[in-house]
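Atoms within a ligand are numbered from 1 in the order they appear, just like the ligands themselves. Numbering starts at 1 and runs along the sequence shown.
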Amino acid sequence: MAANAVNDLPGTYEYVEGWGMAVGGLARVVRPRSVEEIRAVFARARAERVPLALRGTGNSYGDASCSAGGVVVDVSRMNRILAFDAATGIATCEPGVTIEQLWKHILPQGFWPKVVSGTAFPTLAGAAAMNIHGKNNFKVGTLGDQILSFDLVLPSGELRTCTRAENADLFHAAIGGFGMLGCFSRIELRTHRVHSGELEVRAFANRNLREMMEFMESERGRADYLVGWIDMFGRGAALGRGLVHWARYLEPGEDPDPARTLALAHQMLPPRVAGVFPKSELWRVMRFLCNDPGMRCVNFAKYVSGRLEAMGPPRRWRHAEFAFLLDFVPNWKWAYGRQERRGLIQHQLFLPQETALAAYTEVLSLNQRRGFVPYLGVFKRHRPDPFWMTHAVDGWSLAQDYKVTPSNREELWRHCHAVSRIAADAGGRFYFAKDAVLRPEDMLRSYPPERVQAFLKLKRELDPDGLLQTDLWRRVFAPVAADPGHG
Ligand SMILES: Cc1cc2nc3c(=O)[nH]c(=O)nc-3n(C[C@H](O)[C@H](O)[C@H](O)COP(=O)(O)OP(=O)(O)OC[C@H]3O[C@@H](n4cnc5c(N)ncnc54)[C@H](O)[C@@H]3O)c2cc1C
């Protein structure tokens, strides 16, 4: 399909970018409000041979829900919670319901989503299409593991209901299928019973990556959540030093006043730092630190304060605070620069247990040698799942935030290709929600070939005309789909 006749579709022209702001382009944006409207947009686009990119709230860092010069179908207005059963914790939602809407609806009833990302703003459809993971991936799996059923509007307009038993292939391919097989229009998922609006959180400082991995591995059976922060500027014996936050749910009776802590008012953090400075303006201050010397100091200060925190007793954190801390600094990404071609990219490398330490050590050293030190590094433990294009492995992930400027852009992309090669050589995988740089050859080396071929075959069957396309698809998969011998 060619991106012509774009003007004939309803909607408005907008600049549609990845969350990291570094990639994007002008597109026509259509916002359906019902299954009928999705079908109508699909029918018109089929007739006019215009490809469509599905989009939630655009929280993927790269180009996964972008279509420069094309048409974007934004489902975020289909955002009703259709049902929630407080006896079972099962929620049924329209695709545009956000994680924030869901937790705010269920927490006062004593439930919390089983899997959330580090931000509460994604839609459930976007989260399902990427099969997102949380800080508890090692324990409960990915979002897909919590989904019981969904409805998918196929490119033909047919509505198909999928469960683990009914249309099982489509169930396992569309979850994590980055919006290439159809449009989620209803999602039914399990949530988790909680007995308090707070978690018990402990902090542990680690002198290097090996120590962090050994610690997280030893706590895997005890913690409900584990997440590592890494000072990416640490060198030599301190390479990969950082801080692990360990958390567990409270047992019944441990919280003396659950009615109070489960209330939404308790979950909100004050909008001002020290009661004075508005958090909404913090990004302006952060802007002055968003360079190598500034970030070296910030990371060092965080490491030192982390060591002090680790000496203290366990603390109680609100669920929202622990899960979405960054959301409490509105628009922090603007510190990276708001003009076109600036911003940040995140590159998240998933590596199997056996090769992880050596490969991450190589990546951290290469970052420093090449002068591309990420300003934020986040480390997690994962476990495999049955979804066809999943990123999760029995191993680890390191998410790295790199600053993008017009002058470092080309060299940074080359650097990320070198990093991707190290990960692919080590049997690793990448995450399409966090990608702007992956090349088809690296994808082909990292995903099981039979999975990729099965996925492309299903895509050809369900979408023979290539109705659903994004910039990510055109960059990474279209060359492989067009030439199966690619790579
Ligand atoms: C600060 C921050 C922290 C994050 N932390 C994490 C984390 O801890 N773990 C994690 O896994 N991810 C994390 N993410 C990534 C984020 O959770 C995913 O990118 C998620 O997919 C975003 O959802 P969205 O609604 O914004 O979807 P979009 O980014 O708009 O789209 C994502 C994908 O979903 C597809 N899609 C959208 N709607 C539909 C639909 N109705 N049917 C079918 N496909 C559709 C799109 O085509 C695209 O491929 C984080 C992102 C940010 C910005």
For the pair [X] and [Y], name the ring-plane relationship: parallel under 30°, tilted 30 to 60°, perpendicular over 60°.
X: W103; Y: W112; result: tilted
X: F350; Y: Y431; result: perpendicular
X: F432; Y: F477; result: perpendicular

Contact residues of ligand 1 with a heavy-atom cut-off of under 4.0 Å?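 Residues W19, L54, R55, G56, T57, G58, N59, S60, Y61, A64, S65, V75, S117, G118, T119, P122, T123, A125, G126, A127, A129, M130, I132, H133, F178, G179, G182, C183, F184, K380, Y431, A433, K434 each place a heavy atom under 4.0 Å from ligand 1, listed by chain and number.
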
Side-chain (R39) to main-chain (G157) donor-acceptor, under 3.5 angstrom: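 Looks like yes, one N/O pair under 3.5 Å.
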
May I ask you to check if R248 and W246 form a cation-pi contact, with NZ or CZ under 6.0 angstrom from the six-membered ring centre and within 45° of the axis?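 The answer is no; the distance or angle limit is not met.
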
For the residue pair F277 and L282, establish whether any side-chain heavy-atom pair is separated by less than 4.5 Å.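 A side-chain contact exists here, since the closest heavy-atom pair is under 4.5 Å.
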
